Amino acid sequence: MSQISVSLPDGSKRDLESGATAIDLAKSIGSGLAKAAVGAVVNGAESDLTAPLPDGAQVAIITAATDEGRHLLRHSTAHVLAQAVVQLFPGSKFTIGPAIEDGFYYDFDLPGGKTFSEEDLDLISNKMREIIKADQPFVRSEVSVSDALQLFADQPYKCEIIERVTSGGADGADADEVGSGESISVYRNTDTFVDLCRGPHVPSTGRLGHFALQKVAGAYWRGSEKGPMLQRIYGTAWESKAALEEHLTRLAEAEKRDHRRLATELDLLSFPSELGGGLAVWHPKGAIVRKLMEDYSRARHEREYQFVYTPHLANANLFATSGHLDFYKDGMYPPMEMDNGVYYPKPMNCPMHCLIFRSRQRSYRELPLRLFELGTVYRYERAGTLHGLMRIRGFTQDDSHIYCTEDQLQAEIISLLDFIMSVLRAFGFNEFTANLSTKDPNKYVGSDSIWEKATEALRGALDTYGLEYKIKEGDAAFYGPKIDIDVRDAIGRKWQLSTIQCDFNLPDRFELEYVGSDNARHRPIMVHRALFGSVERFFGVLVEHFAGAFPAWLAPVQVKVLAVAQAHEEYAASIVQHLSALGFRAEAVIADDQLGKRIRNAKVEKVPYVLVVGDDDLANGTVGVNPRGGDVQRDVALNDFVNTLRADVAEAAIPGLSQ
RNA sequence: GCCCAGGUAGCUCAGUCGGUAGAGCAACGCACUCGUAAUGCGUAGGUCGCGGGUUCGAUUCCCGCCUUGGGCUCCA
């Protein structure tokens with residue numbers, strides 16, 4: 001029997017019998033590896049374990065507990081889901097079912113317009129477990145286009161995919177299904193179930209099993225509102241029971257941190273339906289946190305920026321000039337007819353800042369001119385898109401528009417990045433990544449050269465600053481390239497917060513000019529930038545990041561003072577008074593609940609410091625300190641506690657806001 | 001806007017196969033005066049989201065609307 005030789009990622013070589021597969025290779029290396037294997041990378045391309053290896057191939061085994069491995073498990077589990085649905089609901093048309101981050105989905109068109117209910121998920125899960133137990137093989141075959149069309153004759157969506165792929169119109173999702181080659185690859189599980197797929201897949205369904213179906217949702221075919229509405233089932237799948245459970249625990253943890261839930265529990269704010277969708281009222285506890293955030297923001301802008309204020313309404317002419325009525329009308333609230341014209345609530349602050357810029361002649365000596373405003377804007381978000389504070393219809397941007405010369409741009413961006421990171425760090429974020437969005441060649445204003453120059457300035461700034469970034473080709477708005485900054489929160493989720501956007505459009509539309517040192521008029525570049533983005537959304541992110549336990553400098557109540565018995569209440573009140581006089585937010589608890597209950601209540605409110613005072617404290621001028629997340633200390637001198645508190649609060653290092 | 005699931009006391013939820021409702025927590029009152037995460041007893045609290053229909057009778061069934069949540073789409 002002839003031999004083949006393959007090389008492994010570590011550079012070593014192995015000899016195998018001709019016709020050997022990746023699973024044979026894995027077995028020859030070790031039974032543990034064979035057991036963990038779910039796929040292989042052969043000569044750089046993902047491949048089935050059961051595919052014969054070519055002689056001289058570079059082979060890496062994909063194991064289950066890796067990103068690639070999980071992706072493969074999830075994709076295979078999606079096929080099992082499709083088979084289960086087709087079995088349970090005969091006549092179902094199945095469409096696409098990719099792996100996604102942390103899971104997978106599959107979209108179906110059910111006979112007679114049937115929709116899935118939550119109960120159906122159990123039914124489907126059980127059927128999936130049967131399929132997995134049956135250990136059906138995933139058998140790959142490649143067929144001609146005409147054979148494929150015949151094979152899927154009763155599956156119009158599959159036929160549409162095949163036709164698009166073969167006519168060269170495939171996009172990413174289609175390519176996932178069948179690849180983009182000449183022939184069509186399919187995977188067969190049983191005589192009756194075969195699915196279009198590029199693969200690879202696990203060798204058999206028995207390799208799967210640690211999955212959970214999560215929710216039913218509607219989704220448009222091909223993501224188009226004009227297409228039919230399909231029924232989507234979301235699920236997750238993992239390499240082991242433990243990993244699945246860990247994931248589900250993580251989801252539960254995220255749910256516990258949900259800012260809408262915590263906003264109610266901690267009495268921060270509410271969304272009364274009488275107000276209207278996407279609008280919030282801030283209760284005192286939420287408002288104080290917001291005020292502290294805004295105070296901090298203002299303090300940080302004190303030096304380099306000039307504060308401005310602009311109204312909430314503007315005449316339609318302004319938005320005609322800015323172009324918002326052309327490009328952004330769907331996002332704007334309906335107009336109001338008034339005596340001398342038509343007015344709109346502003347969806348953005350930039351047009352008004354441009355009016356300030358051009359209110360008089362500007363000299364190059366004034367640039368960069370940085371106008372700053374906590375500006376409240378109103379946007380008509382579609383009803384289905386509203387989401388707590390994360391997506392609302394009225395919100396406040398920590399908005400600045402910077403007018404500068406082309407030559408100033410890069411230095412400006414570098415210092416902006418530094419400023420942004422510094423502010424975000426003060427709010428407890430330490431992990432940052434950026435996206436650089438570049439020109440969409442089909443939709444842009446301004447010259448190619450200015451785009452190139454600005455994009456290079458942004459890229460250079462990111463490189464100089466040393467921030468990790470990805471380039472999103474073609475993702476910029478039509479008016480200029482941008483940098484978006486993502487942070488990672490305490491449970492590893494990414495949030496897009498800050499943004500820096502160049503604008504070559506508004507300066508033109510408003511005919512902004514400055515007089516240069518050459519005594520000629522020049523057009524400035526405009527940069528939109530926001531650090532929080534939206535104060536409301538940033539607040540929501542903070543609530544989730546801290547799980548409602550705000551750091552001492554932001555906590556609505558920093559100290560609660562509890563008297564052991566009524567006899568100590570006067571002393572408790574005097575401590576509150578003392579702390580308040582020093583500028584801290586302290587409260588005495590006047591309920592006549594038992595001490596343990598009052599402590600519990602304070603803990604549930606996530607107050608950073610609970611002080612308990614009794615006979616000993618009254619006698620000695622001390623307090624018992626029960627810090628959030630720390631151990632109880634008795635007999636602490638009041639001054640010592642004040643110093644601890646002061647140090648804790650000062651950790652945010654607020655310039656200009658020191659106590 | 002589209003698909004799905006909800007809307008019952010301040011909050012979290014149970015319930016009624018059609019005969020107008022219940023728990024825990026919270027609130028209030030009384031007693032307990034307590035040294036570090038839930039003392040006991042009691043009181044009050046609801047047009048069961050809104051409007052229509054079917055019915056002797058609707059919170060329950062049907063229709064419409066509003067609203068919330070999960071998705072899709074959207075976010076120049």
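Not measured: the values here are computed from a predicted model. In what follows, every chain begins at residue 1, and chains take the letters A, B, ... in the order their sequences are listed.
Counting only distance, with no hydrogens or angles, the side chain of A/Asp107 and the backbone of A/Ile96 share no donor-acceptor pair below 3.5 Å. Put simply, the side chain of A/Thr622 never gets that close to the backbone of A/Ala637: no donor and acceptor are under 3.5 Å apart. Not a single donor-acceptor pair under 3.5 Å links the side chain of A/Gln397 to the backbone N or O of A/Met348.
Within the structure, a side-chain polar atom (N or O) of A/Arg260 is placed less than 4.0 Å from OP1 or OP2 of B/G69. Residue A/Tyr234 places at least one side-chain N or O under 4.0 Å from the OP1 or OP2 atom of B/C72. Distances shown here put every side-chain N or O of A/Lys215 at or beyond 4.0 Å from the OP1 or OP2 atom of B/G70.
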Could you list, one pair per line, each protein nitrogen or oxygen that sits under 3.5 Å from a nitrogen or oxygen of nucleotides 40-46 of chain B, together with the distance?
none

Using a cutoff of under 3.5 Å, can you pull out all pairs of nitrogen or oxygen atoms linking the protein to nucleotides 29-34 of chain B, with atom names and distances?
{"residue": "B/C32", "atom": "N4", "partner": "A/Asp592", "partner atom": "OD2", "Å": "3.4"}
{"residue": "B/U33", "atom": "O2", "partner": "A/Gln566", "partner atom": "N", "Å": "3.0"}
{"residue": "B/U33", "atom": "N3", "partner": "A/Gln566", "partner atom": "NE2", "Å": "3.2"}
{"residue": "B/U33", "atom": "O4", "partner": "A/Gln566", "partner atom": "NE2", "Å": "2.6"}
{"residue": "B/C34", "atom": "N4", "partner": "A/Asp592", "partner atom": "O", "Å": "3.3"}

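Remark on RNA chain B: of its neighbouring residues A/Arg391 and A/Asp258, the 5'-side contact belongs to A/Asp258, judged by nearest-heavy-atom nucleotide. Heavy-atom distances to RNA chain B give each of A/Thr264 and A/Arg634 a nearest nucleotide, and the one nearer the 5′ end belongs to A/Thr264.
Using cut-offs of 30° and 60° for the angle between ring planes, the A/Tyr106 and A/Phe94 rings count as tilted.
If you take atom C1' in B/G42 and the same atom in B/U20, they sit 27 Å apart, rounded to whole Å. Comparing the same atom, C1', in B/A27 and in B/G45 gives a spacing of 9 Å after rounding to whole Å. Comparing the P positions of B/C13 and B/G18 gives a spacing of 25 Å, expressed to the nearest Å. Comparing the C1' positions of B/U16 and B/C30 gives an interatomic distance of 36 Å, to the nearest angstrom. Using P as the reference atom, B/G1 and B/C65 are 10 Å apart when rounded to the nearest Å. Comparing B/G15 with B/C48, their C1' atoms sit 11 Å apart, to the nearest whole Å. For the C1' atoms, the distance from B/G24 to B/G49 is 24 Å, rounded to whole Å. Here, B/G71 and B/C62 have their P atoms 28 Å apart, quoted to the whole Å.
Residue contacts shown for A/Asp326 are absent, as no nucleic acid heavy atom lies under 4.0 Å away. Among the heavy atoms of the strands, none lies under 4.0 Å from A/Met332. Residue contacts shown for A/Gly596 are limited to sugar-phosphate atoms, with no base heavy atom under 4.0 Å away. Note on A/Gly624: a base of the nucleic acid sits closer than 4.0 angstrom, heavy atoms only.
Counting distance only, with no hydrogens placed and no angle test, the side-chain atoms of A/Asp617 and the base atoms of B/G35 include a donor-acceptor pair under 3.5 Å.
Put simply, CE on A/Met390 is 17 Å from P on B/U68, counting in whole angstrom units. Atom P of nucleotide B/A27 and atom CD1 of A/Ile590 are separated by 12 Å, given to the nearest angstrom. Summarising the geometry, the separation between CG on A/Leu275 and C1' on B/U68 is reported as 14 Å, rounded to the nearest angstrom. The separation between A/Leu386 atom CG and B/G71 atom C1' is 14 Å, rounded to whole Å. One interatomic measurement links the two molecules: CZ of A/Arg600 to C1' of B/G35, which rounds to 19 Å at whole-angstrom precision. With rounding to whole Å, A/Tyr444 atom OH is found 17 Å from B/A76 atom C1'. In this entry the distance linking CZ of A/Phe478 with P of B/C75 reads 13 Å, nearest Å. With rounding to whole Å, A/Asp330 atom CG is found 11 Å from B/C75 atom C1'.
Taking the six-membered ring wherever Trp is involved, the centroid distance between the rings of A/Trp282 and A/Phe539 falls below 6.0 Å. Between A/Phe546 and A/His259, the ring center distance fails the sub-6.0 Å criterion.
Here A/Arg393 contributes atom CZ and A/Leu386 contributes atom CG; the two are 4.5 Å apart, rounded to the nearest 0.5 Å.
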message: What does the B/S/- profile of nucleotides 1-6 of chain B look like, 5' to 3', with a 4.0 Å heavy-atom cutoff to protein?
response: BBBS--
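For CG of A/Asp326, the number of neighbouring non-hydrogen atoms (other residues, nucleotides, ligands) closer than 6.0 Å is greater than 12. Remark: A/Glu511 CD is loosely packed, at most 12 non-hydrogen atoms of other residues, nucleotides or ligands lying under 6.0 Å away.
In this structure, of B/G70, B/A37, B/G35, it is B/G70 that holds the atom nearest to the side chain of A/His387. When each of B/A26, B/C72, B/G70 is scored by its nearest atom to the side-chain atoms of A/Lys597, the top-ranked nucleotide is B/A26. The side chain of A/Val612 lies closest to B/G35 when the candidates are B/G35, B/C11, B/A76.
If you check residues 524-551 of chain A against RNA chain B, you find no residue with a heavy atom closer than 4.0 Å.
With sequence neighbours left out, A/Tyr234 forms a ring pair (Phe, Tyr, Trp, His ring centres under 6.0 Å) with A/Tyr105. A/Glu265 pairs by the side chain to side chain contact (heavy atoms under 4.5 Å, CB included) definition with A/Arg261, A/Leu262, not counting sequence neighbours. A search for ring pair (Phe, Tyr, Trp, His ring centres under 6.0 Å) contacts involving A/Tyr328 returns nothing, not counting sequence neighbours. Shown here are the side chain to side chain donor-acceptor pair (under 3.5 Å) partners of A/Lys215, two or more places apart in sequence or in another chain: there are none. Residues passing the ring pair (Phe, Tyr, Trp, His ring centres under 6.0 Å) test with A/Phe89, sequence neighbours excluded: A/Phe116. Among residues two or more places apart in sequence or in another chain, the side chain to side chain contact (heavy atoms under 4.5 Å, CB included) test is passed with A/Thr249 by none. A search for ring pair (Phe, Tyr, Trp, His ring centres under 6.0 Å) contacts involving A/His353 returns A/His401, not counting sequence neighbours.
Among the duplex regions that RNA chain B forms, those built from at least three successive Watson-Crick or G-U pairs under 3.5 Å are B:1-7 with B:66-72, B:10-13 with B:22-25, B:27-31 with B:39-43, B:49-53 with B:61-65, ordered by first number.
For the pair A/Asp503 and A/Gln501, the minimum side-chain heavy-atom distance is 4.5 Å or more.
Judged by the 6.0 Å and 45° rule, A/Lys439 forms a cation-pi pair with A/Tyr444.
Using modelled atom types and a 3.5 Å distance limit, the side chains of A/Asp102 and A/Thr236 yield no donor-acceptor pair.
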